[in-house]
Student: 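Here it is, the structure in full.
Values in this document were obtained by computation on a predicted structure and should not be read as measured data.
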Amino acid sequence: MPARAAHRHPAAAAVPPAVDYASFVAGIRSDAIRQGLTADAVSRALDLSAPNMDVIARDRNQPEFRLTWAQYRSRVLTGRKIADGRAAFAAQRAVLEQQVLTRFDVAAGAVMGIWGLESGYGATMGKFAVVDALCTLTFEGRRAQFFHDELFHALAILNAGDITPERMLGSYAGAMGQPQFMPGAYLKYAVDIDGDGRRDIWHSIPDVFGSIASYLAGSGWVAGETWGQEITVPDSVPQSSLGRTQVRTLAEWMHMGISQPGGVPFAQPEAMGAVLRPDGPGGDAFMVYRNFAAIRRYNPSDYYALAVGLLGNAIT
């Protein structure tokens, strides 16, 4: 997930004794049975005796910082990240283009950019058992309803047999597999592309690509359009006239002195776009279109969506 503003949570009281947690998990197990979630995998996943203190520590001690866009870009869009992405794209291009993009008409670059940012092209998926993490976060209570719902989504996935508890790994907050889907997003968007009867976003590259593409398609991706482009904006253009919600025709933007790099006019003056200048006058500037919003549905951060688009462009 992108580095962006987070809030440090004050230290909370010590976690209640394990016996209280055992009672809590017993209640979860009873609710699961009432919902028909009775597979052996569900029972194994709920064989928990104490909250995961590493999960609690990470949840309570999220760093409090905000990077500028320039800092974020330099950290995320490194030469190594781009080179690794190009190698991964070369290795998996046939899978992406022949098995996935024939079904979902989205851009290869957007899929590759998300894959790269979320898991380093599958290298870092997280090592937490998802049900353990979600049980702990539900019990902790800071966002109990959200994590309770995601917990039962995770149990439904196990009940369906898509993955075993031992292989259902993710982040401390329950984001799973190479695309880092929360369980609810998995149930809505994950797809079985390789035809083995399971939606395996942990180990199957076709399913990983297909699930990311499914998410983008379901989020309003418009086929044949780009997400955005780098542009030139005069410093005299006030920051208050820019931002995602300030949509104008490219002709209107050109009237304000905005152009493609080198002063080149836009080819489609009737098209609609918004201008982002994250660091203000003198910093990078971008024209973003409808597909930018589809990327933001994946992670609601301008920095993240810009990085996905730029990384995808550099890779593909």
Student: When you compare the side chain of Ser119 with that of Val208, does any pair of heavy atoms fall below 4.5 Å?
Tutor: no

Student: Any donor and acceptor pair, going by atom type alone, linking the side chain of Tyr303 with main-chain N or O of Leu67 inside 3.5 Å?
Tutor: yes

Student: Take Ser204 and Ile193 through the side-chain contact (heavy atoms from CB on, under 4.5 Å) test and state the conclusion after the steps.
Tutor: CA-CA 9 Å; Ser204 167; Ile193 295 290; over 6 Å; no

Student: Using a cut-off of 6.0 Å, state whether more than 12 heavy atoms not belonging to Gln268 lie near its atom CD.
Tutor: no

Student: Does a donor on one side chain and an acceptor on the other come within less than 3.5 Å for Asp31 and Gln35?
Tutor: no

Student: Would you call Phe292 and Leu306 a side-chain contact if the rule is heavy atoms closer than 4.5 Å?
Tutor: yes

Student: With distance as the sole test, does Asn159 use its side chain to make a donor-acceptor pair with the main-chain N or O of Thr38 at under 3.5 Å?
Tutor: yes

Student: Should Ser171 and Gln180 be marked as a side-chain contact (heavy atoms from CB on, under 4.5 Å) after you check the CA-CA gap, both sets of side-chain angles, and the distance that decides it?
Tutor: CA-CA 8 Å; Ser171 74; Gln180 291 288 280; 3.7 Å; yes

Student: Could you give me the CA-CA distance, side-chain angles and deciding distance for Arg73 and Leu310, then say whether side-chain contact (heavy atoms from CB on, under 4.5 Å) is met?
Tutor: CA-CA 9 Å; Arg73 182 174 184 166; Leu310 293 168; 3.9 Å; yes

Student: Between the side chain of Ser211 and the main-chain N/O of Val191, is any donor-acceptor distance below 3.5 Å?
Tutor: yes

Student: Fit a plane to each ring of Phe139 and Tyr21, take the angle between them on a 0 to 90° scale, and name the class: parallel (under 30°), tilted (30 to 60°) or perpendicular (over 60°).
Tutor: perpendicular

Student: Around Arg248, counting heavy atoms of other residues, nucleotides and ligands shown, do more than 12 lie under 6.0 Å from its CZ?
Tutor: yes

Student: Looking only at atom types and distance, does a side-chain atom of Asp235 sit under 3.5 Å from a main-chain N or O of Gly282, one as donor and one as acceptor?
Tutor: yes

Student: Rounded to the nearest 0.5 Å, what separates atom OG1 in Thr316 from atom CG in Leu96?
Tutor: 9.0 Å

Student: Between OG of Ser219 and CZ of Arg296, what distance do you get to the nearest 0.5 Å?
Tutor: 12.0 Å

Student: Any chance you could measure Ser214, atom OG, to Phe104, atom CZ, to the nearest 0.5 Å?
Tutor: 4.0 Å

Student: Work out which heavy atom in Ala173 is nearest to a heavy atom in Leu137; give both atom names and the distance.
Tutor: CA-CD1, 3.8 Å

Student: When clusters are formed from ILVMFWY side-chain contacts under 4.5 Å, directly or step by step, what else is grouped with Leu242?
Tutor: Ile231, Val233, Val237, Leu250, Trp253, Met254, Met256, Ile258, Phe266, Val275, Met287, Tyr289

Student: Any side-chain heavy atom of Thr136 within less than 4.5 Å of one from Asp59?
Tutor: no

Student: Which heavy atom of Ala274 sits nearest a heavy atom of Gly243, and at what distance?
Tutor: CB-O, 3.4 Å

Student: Should Ile212 and Val222 be counted in the same cluster of Ile, Leu, Val, Met, Phe, Trp and Tyr side chains packed under 4.5 Å apart?
Tutor: no

Student: Passes side-chain contact (heavy atoms from CB on, under 4.5 Å), Val42 versus Arg29? Steps please.
Tutor: CA-CA 9 Å; Val42 174; Arg29 188 178 295 112; over 6 Å; no

Student: Is any side-chain heavy atom of Leu155 less than 4.5 Å from a side-chain heavy atom of Val131?
Tutor: yes

Student: Under the 3.5 angstrom rule, does the side chain of Asp279 hit a backbone N or O of Trp69 as a donor-acceptor pair?
Tutor: yes

Student: With a 4.5 Å cut-off on side-chain heavy atoms, are Met112 and Gln92 touching?
Tutor: no

Student: With rounding to the nearest 0.5 angstrom, report the OH to CG distance, Tyr172 to Asp54.
Tutor: 10.5 Å

Student: Identify the two heavy atoms, one from Ala133 and one from Phe128, that lie closest to each other, and give their separation to 0.1 Å.
Tutor: CB-CB, 4.5 Å

Student: Using the rule that Ile, Leu, Val, Met, Phe, Trp and Tyr join whenever any side-chain heavy atoms are under 4.5 Å apart, tell me whether Leu187 and Leu169 fall into a single cluster.
Tutor: no

Student: Is it the case that the side chain of Arg290 and the backbone of Met272 share a donor-acceptor pair, with hydrogens and angles ignored and the cut-off at 3.5 Å?
Tutor: no

Student: Tell me whether Arg167 at atom CZ has more than 12 heavy atoms from other residues, nucleotides or ligands lying less than 6.0 Å away.
Tutor: no

Student: Is the shortest side-chain heavy-atom distance between Trp115 and Ile205 below 4.5 Å?
Tutor: yes

Student: Could you pull out the closest heavy-atom pair between Met176 and Val130, with the gap in Å?
Tutor: CG-CG2, 3.7 Å

Student: Which atom names give the shortest non-hydrogen contact between Pro206 and Val100, and what distance separates them?
Tutor: O-CG2, 3.8 Å

Student: Please name the pair of heavy atoms, one in Ala185 and one in Tyr215, separated by the smallest distance, quoted to 0.1 Å.
Tutor: CB-CE1, 3.9 Å

Student: Are side-chain heavy atoms of Met168 and Trp202 found at a separation under 4.5 Å?
Tutor: yes

Student: Could you measure the distance from the CG atom of Asp194 to the CG atom of Asp207? Nearest 0.5 Å is fine.
Tutor: 4.0 Å

Student: Are the side chain of Gln229 and the backbone N or O of Val288 linked by a donor-acceptor pair below 3.5 Å?
Tutor: no

Student: Using the rule given for ring-ring contact (aromatic ring centres under 6.0 Å, His included), can you reason through Tyr186 versus Phe181, listing the C-alpha separation, both sets of side-chain angles and the distance that settles it, and then say yes or no?
Tutor: CA-CA 6 Å; Tyr186 176 100; Phe181 277 7; 7.2 Å; no

Student: Within this structure, what is the CG-NE2 distance for the pair Leu151 and His153, rounded to the nearest 0.5 Å?
Tutor: 10.0 Å

Student: Ignoring hydrogens and geometry, is there a side-chain-to-backbone donor-acceptor pair from Glu118 to Gln178 under 3.5 Å?
Tutor: no

Student: Between Arg198 and Asp192, does at least one N-O distance fall below 4.0 Å, as a salt bridge requires?
Tutor: no

Student: With a 4.5 Å cut-off on side-chain heavy atoms, are Asp84 and Lys81 touching?
Tutor: no

